[in-house]
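Hydrogens, waters and symmetry mates play no part in the numbers below; they use all other heavy atoms, side chains included.
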There are 2 protein chains.
Amino acid sequence: MTGQRRVIARVLSDAEDHPDVEELYRRASELDPKISVATVYRTVRLLEEKGILERRDFGGGRARYEATEHGRHYHLIDVETGKVLEFEDEEHEALMRQIANRLGFELISMRLELFGRRLPTPEAAKTERPKAAKKARGTGK
Amino acid sequence: MTGQRRVIARVLSDAEDHPDVEELYRRASELDPKISVATVYRTVRLLEEKGILERRDFGGGRARYEATEHGRHYHLIDVETGKVLEFEDEEHEALMRQIANRLGFELISMRLELFGRRLPTPEAAKTERPKAAKKARGTGK
DNA sequence: CTAATTGCAAAAAGTTTGCAACCAT
DNA sequence: ATGGTTGCAAACTTTTTGCAATTAG
């Protein structure tokens, strides 16, 4: 465990968002200016192989990362702003597991991304900027 | 509408799988050897913008494409072989639409990919001949 | 000390683009 | 003719890699 690796791991676990390598490099450089991009790439790959990190792809050609321990959540990408909203759905994973099983597979991981456009609701109009996604559930409104 | 474009469109609509640009280029080259990769990239981008094609990303750094008219389906990727299985789930889309709405968004499109490992099924158990008795779970067949 | 890790810069890999030639209309 | 399209190769962008220097254990 070297200093650089620690720094990068730190940046990653601190990240609340889904930074790409360039962004990780930028943040890591603030803590340790002599880190190189190559190391970021290498570390990120290492951590992904170890299952500590997950690579995401929200389009744009760059791989983005988030810590696996963030828990079960999915992403809704605002097609206008590119912003990523997270939401949860406990039942969803079980459902997908069933589907995979039905097809004869053990579900190892999954990727679910919704792309949407903000709906103008009365609430939204008043609030203007909802901060965080609320928990999404199977039923009930 | 030029010849090249027609050829590429043809290759794409004929494709039952999810080829990447390199593969498309290969297939198109068989029909018209003087097509260039650049044209494939350009055409693919064009068709995607027109909504005729959809870009997929199953990992591996390359964008893969499929005709939009293929219909509503999702993908299950066999992590061992890389093979892509398609499946449908009518209810799922409705569910996701609900979730998006609840979050204040109109669902425009979605991406769902399951990654799984093939489960030993009774059928498979018959077909495969286990040489070494290693599995503890033989009863499941 | 030994093996793993890093930085750097060069090289890959994938995709885009400038431009002159080319083709459909 | 005219404007969109193509091929080619060069340019870009993102990621990987060879290698010598450096560092952890």
Are any of [X]'s side-chain N or O atoms less than 4.0 Å away from OP1 or OP2 of [N]?
{"X": "Ser36(B)", "N": "dT6(D)", "answer": "no"}
{"X": "Gln4(B)", "N": "dC23(C)", "answer": "no"}
{"X": "Tyr41(A)", "N": "dT15(D)", "answer": "yes"}
{"X": "Arg5(A)", "N": "dT6(C)", "answer": "yes"}
{"X": "Thr2(A)", "N": "dT6(C)", "answer": "yes"}

Taking atom [atom2] of [N] as reference, at what distance in whole Å does atom [atom1] of [X] sit?
{"X": "Asp32(A)", "N": "dT22(D)", "atom1": "CG", "atom2": "P", "result": "16 Å"}
{"X": "Arg6(A)", "N": "dT23(D)", "atom1": "CZ", "atom2": "P", "result": "14 Å"}
{"X": "Leu46(B)", "N": "dG4(D)", "atom1": "CG", "atom2": "P", "result": "13 Å"}
{"X": "Met1(B)", "N": "dT25(C)", "atom1": "CE", "atom2": "P", "result": "9 Å"}
{"X": "Glu49(A)", "N": "dT15(D)", "atom1": "CD", "atom2": "P", "result": "15 Å"}
{"X": "Glu48(B)", "N": "dT15(C)", "atom1": "CD", "atom2": "P", "result": "11 Å"}
{"X": "Ile35(B)", "N": "dC8(D)", "atom1": "CD1", "atom2": "P", "result": "11 Å"}
{"X": "Glu23(B)", "N": "dA13(C)", "atom1": "CD", "atom2": "C1'", "result": "17 Å"}

Do Tyr74(B) and Glu93(B) have side chains that get closer than 4.5 Å, going by heavy atoms?
-> yes

Salt bridge or not between [X] and [Y]? Use side-chain N to carboxylate O under 4.0 Å.
{"X": "Glu48(A)", "Y": "Arg45(A)", "answer": "no"}
{"X": "Arg56(A)", "Y": "Glu54(A)", "answer": "yes"}
{"X": "Glu30(B)", "Y": "Arg27(B)", "answer": "no"}

Could one point to a donor on the side chain of Arg42(A) or the base of dG7(C) with an acceptor on the other under 3.5 Å away? yes

Using a 4.0 Å heavy-atom cut-off, does Arg45(B) contact any base of the nucleic acid, only the sugar-phosphate backbone, or nothing at all? sugar-phosphate

Scanning both residues in full, the closest heavy-atom pair of Glu106(B) with Leu119(A) reads N-CG, 3.6 Å

